[in-house]
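Because the structure is a prediction, the values reported are computed rather than measured.
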Amino acid sequence: MSRREEYEQKTEQLLEPIVSELEFELVDVEYVREGGTWYLRAYIDKPGGITVDDCEVVSRRFSDILDEKDYIEDSYVFEVSSPGLGRPLKKEKDFARSLGEEVEIRTYRAIDRQKEFTGILRKYDENTVTIAYEDDTEQTFDRADIALIRLALDF
């Protein structure tokens, strides 16, 4: 397990009780470097959406724990935010919630000369994802080939 994955996993474990107590959902945690700065980001959600005040409550409560546990070696910026409309599907619950919804899939390599696909999420398991197109044909992708899968944005 990489140091990044370790930090994300530890943060998830420590943050989950706070988020659950507030009746929010912890959607994801990421530890990423952008422009020379490390960011520890927690994405939270609830029915009806997350407000700035919700993010602030979680941030304040968790900041004390971060100071106390001090398990991240680098200097970093801690952020709490909503996952946004185009949030990626990563966990089992994300896929379960999105069955029957339109999704966008981007693959690492071209399949039949294209890397972007949009269809209705029909089924998934730990190794594959199947979508249906408008003409009811289906296509199954190996998860290892998928760079990104998220709910499709309709404007």
Side-chain angles (χ1 to χ4, degrees), residues 1-35 37-59 61-62 76-155:
M1 179 183 300
S2 73
R3 196 172 52 128
R4 183 182 60 78
E5 291 169 324
E6 232 175 87
Y7 293 160
E8 290 172 350
Q9 190 175 62
K10 178 82 170 170
T11 300
E12 224 171 280
Q13 290 170 352
L14 293 170
L15 193 52
E16 184 63 49
I18 293 169
V19 173
S20 293
E21 180 188 321
L22 294 166
E23 297 183 1
F24 300 156
E25 174 191 357
L26 180 59
V27 173
D28 197 15
V29 171
E30 67 179 4
Y31 186 68
V32 294
R33 188 176 188 123
E34 294 175 1
T37 303
W38 283 100
Y39 291 89
L40 178 63
R41 291 195 181 107
Y43 296 96
I44 59 175
D45 206 358
K46 70 177 182 191
I50 287 293
T51 67
V52 172
D53 291 339
D54 296 332
C55 293
E56 185 179 350
V57 167
V58 171
S59 179
R61 294 204 28 205
F62 193 62
Y76 61 93
V77 175
F78 177 58
E79 299 178 341
V80 178
S81 72
S82 161
L85 293 175
R87 83 188 210 195
L89 308 183
K90 292 186 174 184
K91 300 178 180 175
E92 164 74 21
K93 63 185 176 185
D94 299 329
F95 283 92
R97 179 180 32 239
S98 301
L99 275 173
E101 299 288 333
E102 188 175 40
V103 295
E104 296 174 353
I105 293 177
R106 289 195 192 132
T107 56
Y108 289 111
R109 60 178 177 73
I111 298 171
D112 297 328
R113 295 193 307 253
Q114 71 182 70
K115 292 174 84 173
E116 294 186 13
F117 306 85
T118 302
I120 304 299
L121 180 61
R122 283 286 161 88
K123 51 189 171 186
Y124 66 93
D125 60 34
E126 62 187 41
N127 299 313
T128 62
V129 173
T130 301
I131 61 172
Y133 297 108
E134 287 181 1
D135 63 2
D136 270 342
T137 60
E138 291 187 349
Q139 184 168 1
T140 300
F141 300 85
D142 288 332
R143 284 227 187 155
D145 294 335
I146 298 174
L148 173 71
I149 180 171
R150 67 179 178 193
L151 289 176
L153 301 176
D154 289 330
F155 291 102

Asks: I need the minimum non-hydrogen distance between Val57 and Leu22, along with the two atoms involved.
Replies: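 What the structure gives for the nearest pair is CG1-CD1, 3.8 Å.
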
Asks: Quick one: list whatever passes side-chain hydrogen bond (donor to acceptor under 3.5 Å, both in side chains) with Asp53, sequence neighbours left out.
Replies: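 For Asp53, no residue satisfies side-chain hydrogen bond (donor to acceptor under 3.5 Å, both in side chains) once neighbours in sequence are set aside.
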
Asks: Would you say that more than 12 heavy atoms from the other residues, nucleotides or ligands in this model lie under 6.0 Å from the CD of Glu5, or not?
Replies: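 Above 12, so yes.
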
Asks: At their closest point, which heavy atom of Ala42 faces which heavy atom of Leu15, and how far apart are they?
Replies: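 Minimum heavy-atom separation between Ala42 and Leu15: CB-CD2, 3.4 Å.
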
Asks: Got a salt bridge between Lys91 and Glu12, using NZ or NE/NH1/NH2 to carboxylate O under 4.0 Å?
Replies: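 Between Glu12 and Lys91 there is a salt bridge, with a charged N closer than 4.0 Å to a carboxylate O.
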
Asks: Can you list the residues that meet the side-chain hydrogen bond (donor to acceptor under 3.5 Å, both in side chains) rule with Gln114, with sequence neighbours excluded?
Replies: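 For Gln114 there are no side-chain hydrogen bond (donor to acceptor under 3.5 Å, both in side chains) partners, ignoring immediate neighbours.
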
Asks: My understanding is that only residues two or more places apart in sequence, or in another chain, count here; which of them pass ring pair (Phe, Tyr, Trp, His ring centres under 6.0 Å) with Phe24?
Replies: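 Here no residue qualifies.
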
Asks: With sequence neighbours excluded, what pairs up with Arg41 under the salt bridge (Lys or Arg N to Asp or Glu O under 4.0 Å) test?
Replies: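 Residues passing salt bridge (Lys or Arg N to Asp or Glu O under 4.0 Å) with Arg41: Glu30, Glu34, Glu79.
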
Asks: Could you work out, with ring pair (Phe, Tyr, Trp, His ring centres under 6.0 Å) as the rule, every residue matching Tyr76, not counting sequence neighbours?
Replies: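 By the ring pair (Phe, Tyr, Trp, His ring centres under 6.0 Å) rule, Tyr76 matches no residue at all.
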
Asks: Do Arg4 and Glu8 sit within salt-bridge range, that is, some charged N less than 4.0 Å from a carboxylate O?
Replies: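 A salt bridge is present here (some side-chain N lies under 4.0 Å from a carboxylate O).
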
Asks: Closest heavy-atom contact between Ser82 and Ile50?
Replies: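 Nearest pair, atom of Ser82 first, then Ile50: CB-CB, 4.2 Å.
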
Asks: Quick one: side-chain hydrogen bond (donor to acceptor under 3.5 Å, both in side chains) partners of Gln9, sequence neighbours excluded?
Replies: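 Residues passing side-chain hydrogen bond (donor to acceptor under 3.5 Å, both in side chains) with Gln9: none at all.
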
Asks: Could you tell me whether Asp112 atom CG has more than 12 heavy atoms of other residues or ligands within 6.0 Å of it?
Replies: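 Atom CG in Asp112 is not crowded, with 12 or fewer foreign heavy atoms closer than 6.0 Å.
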
Asks: Could I get the full list of salt bridge (Lys or Arg N to Asp or Glu O under 4.0 Å) partners for Arg106, not counting sequence neighbours?
Replies: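 With sequence neighbours excluded, Arg106 shows a salt bridge (Lys or Arg N to Asp or Glu O under 4.0 Å) to Glu116, given in chain and number order.
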
Asks: Could you tell me which residues satisfy ring pair (Phe, Tyr, Trp, His ring centres under 6.0 Å) with Tyr124, sequence neighbours excluded, listed by chain and number?
Replies: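 Residues passing ring pair (Phe, Tyr, Trp, His ring centres under 6.0 Å) with Tyr124: Phe95.
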
Asks: Check whether the ring centres of Phe141 and Phe117 lie less than 6.0 Å apart, and answer yes or no.
Replies: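 Close enough - the centres of the two rings lie under 6.0 Å apart.
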
Asks: Ignoring hydrogens, what is the shortest heavy-atom contact between Cys55 and Ser81? Give both atom names and the distance.
Replies: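 Reported closest heavy-atom pair: SG-CA, 3.6 Å.
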
Asks: Applying salt bridge (Lys or Arg N to Asp or Glu O under 4.0 Å), can you list everything that pairs with Arg61, at least two apart in sequence or on another chain?
Replies: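 With sequence neighbours excluded, Arg61 shows a salt bridge (Lys or Arg N to Asp or Glu O under 4.0 Å) to Glu21, given in chain and number order.
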
Asks: Locate the shortest heavy-atom distance separating Val27 from Ile44; write the atom from each residue and the value.
Replies: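 Smallest heavy-atom distance, with atoms named: CG2-C, 4.2 Å.
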
Asks: By ring pair (Phe, Tyr, Trp, His ring centres under 6.0 Å), which residues pair with Phe78, not counting sequence neighbours?
Replies: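 With neighbours one apart ignored, the set is Phe62.
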
Asks: Among Glu138, Glu102, Glu101, which residue satisfies the side-chain contact (heavy atoms from CB on, under 4.5 Å) criterion with Ile120?
Replies: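 Result: among Glu138, Glu102, Glu101, Glu102 is the only option passing the side-chain contact (heavy atoms from CB on, under 4.5 Å) with Ile120.
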
Asks: Partners of Lys115 by salt bridge (Lys or Arg N to Asp or Glu O under 4.0 Å), sequence neighbours excluded?
Replies: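 Residues passing salt bridge (Lys or Arg N to Asp or Glu O under 4.0 Å) with Lys115: none at all.
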
Asks: Hey, are the side chains of Val129 and Thr140 touching, using non-hydrogen atoms and a 4.5 Å cut-off?
Replies: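 A side-chain contact is absent here, since even the closest heavy-atom pair is not under 4.5 Å.
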
Asks: Which residues pass the side-chain hydrogen bond (donor to acceptor under 3.5 Å, both in side chains) test with Asp54, not counting sequence neighbours?
Replies: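 By the side-chain hydrogen bond (donor to acceptor under 3.5 Å, both in side chains) rule, Asp54 matches Lys46, Thr51.
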
Asks: Which heavy atom in Lys93 sits nearest to a heavy atom in Leu26, and how many Å separate them?
Replies: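 Taking every non-hydrogen atom into account, NZ-O, 3.3 Å.
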
